[in-house]
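This report refers to the structure that appears directly beneath it.
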Amino acid sequence: MSVILAIDIGGTQLRVAVYPTASTTPRVVQKTPTRGQEQGVYDRLVALIDSVFPKDEVVEAISVACPGPTNPFTGVIASTPNIPAWKDFPLAGMLSERYKVPAYLGNDANMAALGEWKYGAGQGHSDVLYLTISTGIGGGVISSGMLVVGTRGLATELGHMVVLPGGPLCGCGLRGHLEAVASGPAIARYVNEQLAVGCSSSLKPGPNLDARTIAEAARQGDKLAIDAYAQAGEFIGQALADFLHAFNPSIVIFGGGVSQAGSLLLDPVRDSMERHVMNPSYLDGLQIATARLGDEAGLLGALAQAHIRLSSTS
Ligand SMILES: [Zn+2]
């Protein structure tokens, strides 16, 4: 029997899963806290891999999902937000050298898109747009059955499109990006700003106010909370219309914790998308779905990446 090792470099945890080659159910998953500010993250990752590396079986490949700009062609992480020491870090090459197997690397949002396409909500489609909305906004695009990565693997940063010129500062340092007006922290910031100018609400201002608490208040009928989600949905729908124009997908899949607000967010998204689309043909047969793989999207996407890369080299 042969296996594939999938690795997810998360903000809080490093995870390694061992998948029998023909399966999407891992035989074992091991994890350790990322503690990315400390030294020795790579050594701890290697120790984690060693602990599950099979001794008597063929390992077909190691495949990694990692946040931040990564180059799938060279296997180099340009930078990754949770581990400052990994700058121009040739992770795939190091793993391939150490374990004597092919090693692949991909951006975590792209890997989640691949996972949802191959094993989740996007199965059967050839043109998939995946948008994850949580503390940031990321995305991935499958176009004509291929993951869109661009020339250096930097595509497709769907959260960093300008939807409000001159608007709030984004985590990337620029202004008015979708992430800056529709991510979880952006929803909370909007509510805090409105509370500060005297808007009445059941919510209490403060740094701990988060999108989940606001969603609960919205379900109790809190108008400010409902408005905050409606505004985020308006911006997401506006950006989504642009994405439809660019990629013409047959399905849009929403992932990430903020999307779990369901119709509170997705009804305004759909309404805004329909108003901003240049031609109703883009909406013909378009499916809107929520992600199915949850926390496993990165690992399963890395698994899908391994299968795709292995079959393209054989
Ligand atoms: Zn940005």
Side-chain angles (χ1 to χ4, degrees), residues 10-12 109 112-113 115-116 120-122 129-139 158-159 161 163-164 167-168 170-171 176-241 243-244 251-277 283 286-298:
T12 54
E116 288 292 342
L129 196 130
Y130 170 79
L131 198 63
T132 175
I133 304 163
S134 56
T135 51
I137 296 184
L158 303 182
M161 304 278 167
V163 292
L164 186 64
C170 184
H177 285 175
L178 180 62
E179 178 173 302
V181 293
S183 61
I187 291 169
R189 189 195 58 235
Y190 173 79
V191 169
N192 268 321
E193 284 170 0
Q194 295 302 307
L195 291 171
V197 297
C199 191
S200 77
S201 165
S202 61
L203 291 160
K204 299 279 171 284
N208 294 326
L209 186 62
D210 63 13
R212 183 186 302 224
T213 310
I214 296 165
E216 282 164 15
R219 283 190 204 97
Q220 304 298 320
D222 188 280
K223 182 165 184 312
L224 175 59
I226 294 168
D227 286 351
Y229 270 90
Q231 180 181 267
E234 173 71 22
F235 284 122
I236 293 166
Q238 179 187 327
L240 200 50
F243 303 152
L244 298 189
I251 185 169
V252 176
I253 302 170
F254 284 95
V258 176
S259 302
Q260 288 169 9
S263 59
L264 181 62
L265 180 71
L266 297 185
D267 285 354
V269 166
R270 191 185 288 266
D271 178 66
S272 169
M273 174 185 75
E274 290 175 0
R275 276 185 285 107
H276 285 97
V277 84
L283 306 172
L286 178 68
Q287 295 180 29
I288 305 282
T290 49
R292 282 200 208 141
L293 303 182
D295 267 359
E296 308 307 307

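Sequence positions, counted from 1, serve as the residue numbers for this chain.
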Using the side-chain contact (heavy atoms from CB on, under 4.5 Å) rule, pick out the option among Asp210, Ile236, Ile187 that qualifies with Val258.
Ile187
Starting at [atom1] of [X], measure out to [atom2] of [Y] and round the result to the nearest 0.5 Å.
{"X": "Leu129", "Y": "Phe254", "atom1": "CG", "atom2": "CZ", "answer": "8.5 Å"}
{"X": "Leu240", "Y": "Met161", "atom1": "CG", "atom2": "CE", "answer": "11.5 Å"}
{"X": "Lys223", "Y": "Ser200", "atom1": "NZ", "atom2": "OG", "answer": "9.0 Å"}
{"X": "Ile137", "Y": "Ser183", "atom1": "CD1", "atom2": "OG", "answer": "5.5 Å"}
{"X": "Leu131", "Y": "Phe243", "atom1": "CG", "atom2": "CZ", "answer": "6.0 Å"}
{"X": "Leu178", "Y": "Cys170", "atom1": "CG", "atom2": "SG", "answer": "9.0 Å"}

What is the minimum heavy-atom distance between [X] and [Y], and which atoms define it?
{"X": "Val163", "Y": "Gln238", "result": "O-NE2, 3.2 Å"}
{"X": "Ala218", "Y": "Ala225", "result": "N-CB, 3.5 Å"}
{"X": "Ile214", "Y": "Ala188", "result": "CD1-CA, 3.6 Å"}
{"X": "Asn192", "Y": "Gly206", "result": "OD1-N, 2.9 Å"}
{"X": "Ala211", "Y": "Gly184", "result": "CB-CA, 3.8 Å"}
{"X": "Ser134", "Y": "Gly256", "result": "CB-CA, 4.3 Å"}

Which residue pairs satisfy the salt bridge (charged side-chain N to carboxylate O under 4.0 Å, His left out) criterion with at least one member in residues 177-196, sequence neighbours excluded?
Arg189-Glu193
Residue pair [X] / [Y], side-chain heavy-atom distance below 4.5 Å:
{"X": "Glu234", "Y": "His276", "result": "yes"}
{"X": "Leu195", "Y": "Ser201", "result": "yes"}
{"X": "Leu244", "Y": "Leu283", "result": "yes"}
{"X": "Leu203", "Y": "Leu209", "result": "yes"}

Backbone N or O of [Y] within a donor-acceptor pair of the [X] side chain at under 3.5 Å?
{"X": "Asp222", "Y": "Ser202", "answer": "yes"}
{"X": "Glu116", "Y": "Ile253", "answer": "no"}
{"X": "Ser272", "Y": "Pro268", "answer": "no"}

Please name all residues satisfying side-chain contact (heavy atoms from CB on, under 4.5 Å) with Gln231, sequence neighbours left out, ordered by chain then number.
Tyr190, Phe235
Side-chain atoms of residues 260-267: list all donor-acceptor pairs with protein atoms under 3.5 Å, sequence neighbours left out, distances to 0.1 Å.
none

